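Each remark here refers to the structure printed beneath this line.
The shown structure was predicted, so the numbers you read here are calculated from the model rather than taken from an experiment.
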Amino acid sequence: MGGSPLIMSWYDDVQLNEEAAVGIAREVDLNRRMLGFDADAKHIWHCSLSIPYQDREVTDQEWSDIVQRFMDEMDFTEAGAKAPCQWVAVHHGRSTKGNDHIHIMASTIREDGTKWADGNDFSRAQKVARGIEKDFNFIQLGNHSERWLQQGELVRDSTREPTRFALERTARACAVAADTEAQFVRLMRRAKLLVHPRFAAGTDSVVTGYSVAERPPKGMRPLWFGGGKLAQDLTLPSLRTRWPDTPGSAQEASEEWMAAKRHRRIVHPDAPGAVLDEETARRLAGELRQVRRRLVSIAPEDQQTWAHAAREASGVYAAWSLATEDGQGPLGRTARVLARSAHRNGVKITAPLQAPLRTSGTTAFLLAATQAPSPIAQALIMNQMLQMTQAFYEMHQANQELRETQLINDAFEHHLSVVAEPLPEVVAAPSTRSTSHAGPVRDRGTLRETQGPTATMRAGVEHIRDEHGMEL
């Protein structure tokens with residue numbers, strides 16, 4: 001808890017009960033009562049500061065520093081040139097959405113009887129909040145385009161991974177595995193997603209977007225999400241930058257979109273998946289090695305190319321997650337961390353994908369594998385992906401994007417280490433040992449991790465205005 005000096009002298013850092021809450025309310029209202037202001041006049045300002053559950057943990061001392069700075073800069077305290085107002089901040093912990101937050105209540109009547117200026121208070125509070133986010137190393141609201149969970153999603157998905165996260169991971173893996181737009185549609189349908197195209201106004205043939213949903217339990221309606229609601233780099237215009245644009249490919253894509261819309265069979269089936277054995281894994285590791293070497297030559301400020309590379313890398317992790325994890329485990333969480341790089345600072349991918357950055361081969365094999373890859377096959381891929389992820393870490397470091405740098409560092413420590421630790425050592429050249437002796441095949445779900453939600457989302461300050469003032 002925090003508050004003005006008089007309140008803190010009596011209630012410093014206590015667990016509030018009803019009696020204490022009433023006493024604090026009277027102290028906040030003290031100036032109005034002593035100076036004879038009308039009780040019906042607006043004289044209390046309400047505000048809440050919230051940090052979404054996806055960001056880092058905040059200590060009690062940090063909350064105290066945050067709220068003190070917020071109230072100083074909002075001109076409620078003795079830090080300004082005017083007489084202070086009475087105020088209190090109470091730490092409520094995590095909300096039903098899982099967001100850590102505090103509530104602030106402040107009198108708008110100063111000790112000398114003048115009024116706190118509430119003009120343009122919303123914009124002022126937003127400006128202060130943005131500065132706090134930057135200085136306390138939170139993900140800055142407005143500098144990131146990822147879409148966040150709504151209350152309805154949390155209620156519906158309270159006992160499992162949120163539907164949106166699962167859909168994003170699947171759509172991302174399918175997009176990066178696909179060599180054409182038509183194949184993207186087929187892969188999503190083969191992954192048991194419901195797929196619905198969105199057409200340009202006035203047409204039933206020009207596809208401009210798409211929505212996906214999981215097949216719902218009997219008696220329930222599908223929960224649909226547009227590609228842009230999953231992540232900005234998964235919009236159809238953005239994805240089309242990685243596929244060929246020819247009359248033939250456009251016609252094939254149109255046929256697959258219409259088949260999906262009408263719930264008909266896939267029009268142009270792809271070859272079935274295969275076991276990802278050691279020999280194939282070495283070939284795919286070579287593909288990843290070429291991508292990794294290309295990353296070294298990309299300038300840190302080339303946001304378009306790095307965004308493409310991040311989407312490609314996150315697609316590999318997403319497909320790997322689908323092949324080996326039951327729900328969002330460490331690989332799925334790493335995929336979300338790297339996906340942030342694909343649309344950080346509101347970057348929209350508009351330039352075509354350069355061929356040396358493609359990871360379609362590896363992603364497609366992981367996505368279509370008929371059984372989870374052997375430990376040695378996973379080790380070969382992990383060896384390259386660790387080095388590729390390091391390249392993103394160094395890029396963010398060069399751009400002084402401290403939050404992104406920290407998230408990738410956390411992915412190394414808490415997610416990738418969990419996967420890499422039990423995998424065998426690999427050698428650069430193919431071994432003469434048969435893959436049948438590489439160890440037991442890893443079943444789906446054996447890398448499953450059941451910790452809380454991934455810390456890959458923005459720290460924001462939520463806001464709702466009501467008749468009593470403003471909630472930030």
*If you draw the axis of the six-membered ring of Tyr210, does the NZ or CZ of Arg198 fall within 45° of it and under 6.0 Å from the ring centre?*
no

*Should the ring pair Tyr317 and Trp320 be called parallel, tilted or perpendicular, given that the plane angle runs from 0 to 90° and is split at 30 and 60?*
parallel

*Stepwise ring-ring contact (aromatic ring centres under 6.0 Å, His included) test for Trp257 and Phe199*: CA-CA 10 Å; Trp257 284 121; Phe199 297 101; 8.6 Å; no

*With a 4.5 Å limit on heavy-atom distance, are the side chains of Leu367 and Cys174 in contact?*
yes

_A side-chain contact here means heavy atoms from C-beta on lying under 4.5 Å apart; do Gln387 and Arg289 qualify?_
no

*Just wondering, do Leu416 and Pro330 contact through their side chains at under 4.5 Å, heavy atoms?*
no

*Could you verify whether a donor N or O on one side chain and an acceptor N or O on the other, from His396 and Glu404, lie under 3.5 Å apart?*
no

_Do Glu214 and Pro222 have side chains that approach each other closer than 4.5 Å (heavy atoms only, starting at C-beta)?_
no

*Separation of Arg336 CZ from His415 NE2 (nearest 0.5 Å)*: 10.5 Å

*Answer whether the closest heavy-atom distance between the side chains of Leu338 and Ile408 falls below 4.5 Å.*
yes

_Minimum side-chain heavy-atom gap Leu234-Lys229 below 4.5 Å_ = no

_Candidates Asn409, Leu407, Thr389 - the one meeting side-chain contact (heavy atoms from CB on, under 4.5 Å) with Val337_ = Leu407

_With heavy-atom distances below 4.5 Å as the criterion, would you say the side chains of Leu295 and Trp306 are in contact?_
yes

*asked:* Just so I know, are the side chains of Thr59 and Ser64 near enough to count as touching, which here means a heavy-atom distance under 4.5 Å?
replied: no

_Testing Ile349, Thr359, Leu353, Leu357 one by one against Arg311 for a side-chain contact (heavy atoms from CB on, under 4.5 Å), which residue passes?_
Ile349

